[in-house]
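In listed order, ligands and their atoms are each counted from 1. The figures that follow rest on heavy atoms only: side chains count, while hydrogens, waters and symmetry mates do not. One is the number of the first residue; the rest follow in order along the sequence.
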Amino acid sequence: MKERVALVTGGSQGIGRAICEELSRRGATIIVNHYPSESDAEKAADTVKAIETAGGKAMALQADVTKSDQVDKMIKDALEAQGKIDILVNNAGITRDTLIMTMAEEDWDAVLTTNLKSAFLCSKAVVRSMMRQRYGRIVSMSSVSGIAGNPGQTNYSASKAGIIGFTKSLAREVAARNITVNAVAPGFIPTELTQDLPEELKQGSLGSIPLKRWGTPEEIAYAVAFLASDEAGYITGHILSVDGGMVMG
Ligand code: NAP
């Protein structure tokens, strides 16, 4: 990926950081997007430093990816700084888990906006430059929850199922310009997103995972890096499950 430039949303921690590091290990220049807060800026700076220490190239750009003006500015700044964006990873995401009877409208809106609308805004903002250069890789983060459903996650599941439809439709729209659009659907991965799940749910989840363990952020990053590579040039509109076998078929 030596000549490639990759932008990863929510890239300062968890799975996003692992993706930044893996794409960098493969030679890409990385743009680490982070939410505009002091703590996220610090974490993004730390990610950039880790990449540079390992011999890679990276920069951080802040943007709340739910806001079109901030997304447009980020993409403009990224294109000015690096000349192009070859790879977009729509990774930023949140959960607001609760049963539907107690789910506030804001919980629904926040999750749909952060997990799904952000993919629309970021993809829309980069796709023109990808079409012009006749090359692009867009990889978005879905979830096992978007495929199989999960009680307490109607908002999250809807957003992640939405990513699947979005991915397939966009893949058909831009294929003629040599742009591939795919998604990765992780199972359970230990990050800040899952750290507050009740212990009994964490233990209970192992019963439904044939490989009998949670995955790692690195294992998600390997799948994203493959879909973002030149070698995956004949794969588009695909949803790649990386879930220890939780959802098959
Ligand atoms: P994480 O550690 O919480 O990372 C998510 C990142 O997205 C955080 O840095 C977060 O920043 C950022 N983010 C949230 N809203 C944003 C916004 N509006 N603008 C910019 N950045 C924003 O969670 P993770 O587990 O690595 O999740 C990464 C992706 O994988 C998500 O899409 C998630 O749904 C998906 N996924 C995770 C799992 C799992 O088991 N962990 C399973 C399936 C799918 P803040 O910390 O400031 O919010």
Side-chain angles (χ1 to χ4, degrees), residues 7-22 31-48 60-75 88-97 109-122 125 139-150 153 155-164 166-167 183-197 201-202 205-206 208-209 213-221 223-224 239-244 246-247:
L7 188 150
V8 181
T9 69
S12 63
Q13 67 176 46
I15 292 171
R17 178 172 173 151
I19 294 168
C20 289
E21 294 189 334
E22 181 57 24
I31 300 161
V32 183
N33 158 256
H34 65 88
Y35 188 81
S37 73
E38 213 171 294
S39 68
D40 286 77
E42 274 169 25
K43 287 186 225 167
D46 194 58
T47 306
V48 168
L61 279 181
Q62 69 168 43
D64 175 346
V65 293
T66 68
K67 304 275 192 300
S68 61
D69 55 339
Q70 294 190 31
V71 168
D72 290 348
K73 181 175 183 330
M74 170 178 71
I75 300 301
L88 167 68
V89 183
N90 291 312
N91 166 79
I94 58 167
T95 52
R96 296 264 184 97
D97 295 354
D109 288 345
V111 169
L112 267 290
T113 306
T114 306
N115 298 1
L116 183 56
K117 184 180 173 187
S118 67
F120 156 67
L121 292 177
C122 294
V139 184
S140 302
M141 213 51 70
S142 181
S143 166
V144 72
S145 179
I147 300 172
N150 200 19
Q153 289 200 318
N155 51 358
Y156 186 76
S157 299
S159 71
K160 295 301 184 179
I163 285 289
I164 294 174
F166 174 79
T167 295
V184 170
F188 283 104
I189 312 296
T191 64
E192 223 169 76
L193 197 83
T194 48
Q195 71 182 4
D196 293 334
L197 288 175
L201 196 150
K202 288 185 184 174
S205 70
L206 297 178
S208 60
I209 305 172
R213 65 171 178 86
W214 281 28
T216 64
E218 290 72 26
E219 286 171 318
I220 304 305
V224 172
I239 315 304
L240 179 54
S241 290
V242 185
D243 61 4
M246 270 182 97
V247 177

Legend entry - Expected output: side-chain Ser205 to main-chain Lys202 donor-acceptor under 3.5 Å: yes
Inset, instruction - Could you tell me whether ligand 1 has any atom less than 4.0 Å away from a heavy atom of Asn115? - result: no
Legend entry - For atom 42 (C) of ligand 1, closest protein heavy-atom neighbour: Gly187 O, 3.0 Å
Legend entry - Whether Lys67 lies under 4.0 Å from ligand 1, heavy atom: no
Inset, instruction - Check for a donor-acceptor pair, side chain of Thr9 on one end and backbone N or O of Ala92 on the other, with a separation under 3.5 Å. - result: yes
Legend entry - Distance flag for atom 48 (O) of ligand 1, protein heavy atom under 4.0 Å: no
Legend entry - Note: Lys67-Asp64 ion pair, threshold 4.0 Å (strictly below): yes
Inset, instruction - Just need the protein heavy atom nearest to atom 4 (O) of ligand 1, so name the residue and atom and give the distance. - result: Gln13 NE2, 3.7 Å
Inset, instruction - Report yes or no: does Trp214 have a heavy atom closer than 4.0 Å to ligand 1? - result: no
Legend entry - Nearest non-hydrogen protein atom, atom 5 (C) of ligand 1: Gly93 O, 3.7 Å
Inset, instruction - For ligand 1, find out whether one of its N or O atoms is nearer than 3.5 Å to an N or O atom of Met141. - result: no
Inset, instruction - Say whether, by atom type as modelled, one donor and one acceptor occur between the side chain of Lys160 and the main chain of Ala185 under 3.5 angstrom. - result: no
Legend entry - Non-hydrogen atom of Ser37 closer than 4.0 Å to ligand 1: no
Legend entry - Option with minimal heavy-atom separation from atom 25 (O) of ligand 1, where the choices are Thr114, Thr191, Leu197: Thr191
Legend entry - Atom pair OG/CZ of Ser145 and Phe188 - distance to nearest 0.5 Å: 8.5 Å
Legend entry - Per-atom contacts of ligand 1 with Thr194, taking only distances under 4.0 Å to non-hydrogen atoms: 39 (C), 40 (O), 41 (N)
Legend entry - Exam field: side chain Ser159 to backbone Tyr156, donor-acceptor pair closer than 3.5 Å: yes
Legend entry - Pairing of Arg213 and Glu219 as salt bridge, 4.0 angstrom limit: yes
Legend entry - Asn33 side chain vs Ala63 backbone, donor-acceptor pair below 3.5 Å: yes
Inset, instruction - Spell out, as yes or no, whether a donor-acceptor pair under 3.5 Å connects the side chain of Asn90 to the backbone of Cys122. - result: no
Inset, instruction - Tell me, please: is Asn33 in heavy-atom contact with ligand 1, that is, under 4.0 Å? - result: yes
Inset, instruction - Look at ligand 1 and say whether Ser39 reaches it with a heavy atom at a distance under 4.0 Å. - result: no
